[in-house]
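Below is one structure, written out as structure tokens, with a few remarks after it.
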2 protein chains.
Amino acid sequence: MVFQEERITEIGKKLHQAGMKLTPQRRATVSTLLEYQAKHLSAEELFTLIKQEEPEIGLATVYRTLDLLTELRIADRVTFEDGVARYDLRCENQQHFHHHLLCSVCGKVEEIHEDLLVEVEQEVLHKYGFKVQDHRLTFHGVCSSCSENTKQSEHGD
Amino acid sequence: MVFQEERITEIGKKLHQAGMKLTPQRRATVSTLLEYQAKHLSAEELFTLIKQEEPEIGLATVYRTLDLLTELRIADRVTFEDGVARYDLRCENQQHFHHHLLCSVCGKVEEIHEDLLVEVEQEVLHKYGFKVQDHRLTFHGVCSSCSENTKQSEHGD
DNA sequence: TTCAAAATGCTAACTAATATCAGGAAGCAT
DNA sequence: ATGCTTCCTGATATTAGTTAGCATTTTGAA
């Protein structure tokens, strides 16, 4: 929890650098993002959670804050196939957005924090002249535990 | 155009295998997808275009057909940051969805049809036990022509 | 031709996200 | 303190993309 406070103060500084304030509403939003880090929560889901800490907050403010954090690259917005925007705090000193593994059997979303695309992005620059600043990479497939289960039930047959 | 007919007939077979019919509406949808291949059109954009061929078609039918084609893996749905679903016909015999380059300066969307992720997917299988079936990869950055322009205006200063 | 299943068109409903706008708080010079 | 400006907020209306419901039509097999 101490780390949280440090992290929030640090984010507050970034806001001030951009000429903005760390209001109680924004503090509560960041704090909730920290608490549910890497859970890929939607704005509405976050809204419900943030209300527990800051009951007076309005939905629009949550949207505005998330936009703000995304612009300042403090948070990342990602949209999966359902078309709903989800938000994660960007890990400290992380250059790129992390990757996701989406299991088509159980629906679970895993994360990969190592950057698998360093070489691929070199290739993209050389072949297509495209300067990559960021990426979105999601794999669709079957997670380890679901493949285990499939194997077992095959043995059962 | 002959190729188109062949392709449509082939898709018709796939539908029949799944116990479904190639109705005039579905034919027109597929035909329009073929015509505007890899243009990442939204359902509403497609609806407008399809109407030229099949004026009586309803928007809901277009949505239903696109869902159907996506389920049968004849088409691919992709959602960029605006949250709007866009559709491309999957190229024949193409195992994986193609990649996208999204220019943050001019907003252009380029495509990469070669599969850059073969090795990465091997890695994902070995390290995380995740069996990749498909992927979504979008790079955000600056396209070649926009970097050219930037260079030139820097010289101009 | 008859009949059931599948597919369609229309429209209402739903949902995520944005815009609007009147008020409120913070910062700063006076 | 006082006024002034700028930024921020909450409530609400609005928009846009998508889905659901339902009566009607089409299709293909018996």
Side-chain angles (χ1 to χ4, degrees), chain A residues 11-32 40-72 74-87, chain B residues 8-9 11-32 40-72 74-87:
Chain A
I11 288 169
K13 278 182 199 163
K14 282 192 190 174
L15 285 173
H16 281 118
Q17 279 168 23
M20 294 162 156
K21 296 160 193 168
L22 183 62
T23 63
Q25 291 89 339
R26 287 176 183 170
R27 170 177 279 276
T29 305
V30 170
S31 145
T32 306
H40 326 97
L41 298 176
S42 70
E44 308 244 10
E45 287 164 345
L46 283 164
F47 174 57
T48 312
L49 291 168
I50 296 164
K51 272 199 144 174
Q52 296 170 11
E53 194 172 327
E54 188 72 26
E56 297 301 299
I57 199 169
L59 177 59
T61 301
V62 174
Y63 273 104
R64 281 186 290 240
T65 303
L66 291 171
D67 278 356
L68 192 64
L69 295 174
T70 304
E71 265 172 46
L72 295 177
I74 294 164
D76 281 306
R77 190 205 319 266
V78 65
T79 308
F80 296 127
E81 297 310 294
D82 62 358
V84 181
R86 295 169 183 284
Y87 298 84
Chain B
I8 294 174
T9 311
I11 288 169
K13 278 182 198 162
K14 283 192 189 171
L15 285 174
H16 281 118
Q17 279 169 24
M20 294 165 155
K21 298 160 192 169
L22 183 62
T23 63
Q25 291 90 338
R26 287 176 183 171
R27 171 178 280 275
T29 304
V30 170
S31 144
T32 305
H40 326 97
L41 298 176
S42 70
E44 307 242 12
E45 287 164 345
L46 282 163
F47 174 57
T48 313
L49 292 167
I50 296 165
K51 271 200 147 176
Q52 296 171 10
E53 194 173 326
E54 188 74 24
E56 299 301 299
I57 200 170
L59 178 58
T61 302
V62 174
Y63 273 103
R64 281 186 289 238
T65 304
L66 291 170
D67 278 356
L68 192 63
L69 294 175
T70 303
E71 266 171 46
L72 295 177
I74 294 163
D76 281 306
R77 190 202 321 264
V78 66
T79 308
F80 297 126
E81 295 310 293
D82 62 356
V84 180
R86 296 171 181 283
Y87 299 84

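Distance, E44(A) CD to dT18(C) C1': 12 Å, rounded to whole Å. Computed from coordinates, the D82(A) CG to dA16(C) P distance equals 9 Å when rounded to whole Å. Note: CZ (R26(A)) to P (dA26(C)) measures 13 Å, nearest angstrom. A straight line from CD1 of I57(A) to P of dG10(D) spans 6 Å, rounded to a whole angstrom. Atom C1' of nucleotide dA17(C) and atom CG of L46(A) are separated by 14 Å, given to the nearest angstrom. Computed from coordinates, the M20(A) CE to dT9(D) P distance equals 10 Å when rounded to whole Å. Protein atom CD of E81(A) is 15 Å distant from nucleotide atom C1' of dG17(D), rounded to whole Å. dT11(C) atom P lies 12 Å from atom CG of L59(B), rounded to whole Å.
D76(A) contributes atom CG, which lies 11.0 Å from atom OH of Y87(A) (distance to the nearest 0.5 angstrom). A distance of 8.5 Å separates CD in E71(A) from CZ in R77(A), rounded to the nearest 0.5 Å.
Residue E56(B) is classed as a sugar-phosphate contact, given heavy-atom separations below 4.0 Å to backbone atoms only.
In this model, the phosphate group of dT26(D) is not approached by any side-chain N or O of Q25(B) to a distance below 4.0 Å at OP1 or OP2. Between S42(A) and dA16(C) there is no side-chain polar atom (N or O) within less than 4.0 angstrom of OP1 or OP2.
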Practice problem: Evaluate the criterion side chain to side chain donor-acceptor pair (under 3.5 Å) for residue pair T65(B) and Q25(B); output intermediate values, then yes/no. | Solution: CA-CA 8 Å; T65(B) 304; Q25(B) 291 90 338; over 6 Å; no
Practice problem: Just do the side-chain contact (heavy atoms from CB on, under 4.5 Å) check on I57(A) and K51(A) with the steps written out, would you? | Solution: CA-CA 6 Å; I57(A) 199 169; K51(A) 272 199 144 174; 4.1 Å; yes
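Residues from residues 60-70 of chain A placing a heavy atom under 4.0 Å of any atom in DNA chain D, listed by number, are A60(A), T61(A), R64(A).
In the set dT18(D), dA7(C), dA26(C), dA26(C) carries the atom at the smallest distance from any side-chain atom of K21(A).
Applying the 6.0 Å contact sphere to CD of E81(B) captures more than 12 heavy atoms from other residues, nucleotides or ligands.
With hydrogens and angles left out, the side-chain atoms of T29(A) and R26(A) include no donor and acceptor closer than 3.5 Å.
Using a cutoff of 4.0 Å between basic side-chain nitrogens and carboxylate oxygens, E45(A) and R86(A) are scored as salt-bridged.
Comparing P24(B) and Y87(B) against DNA chain D, the residue whose closest nucleotide sits nearer the 5' end is Y87(B).
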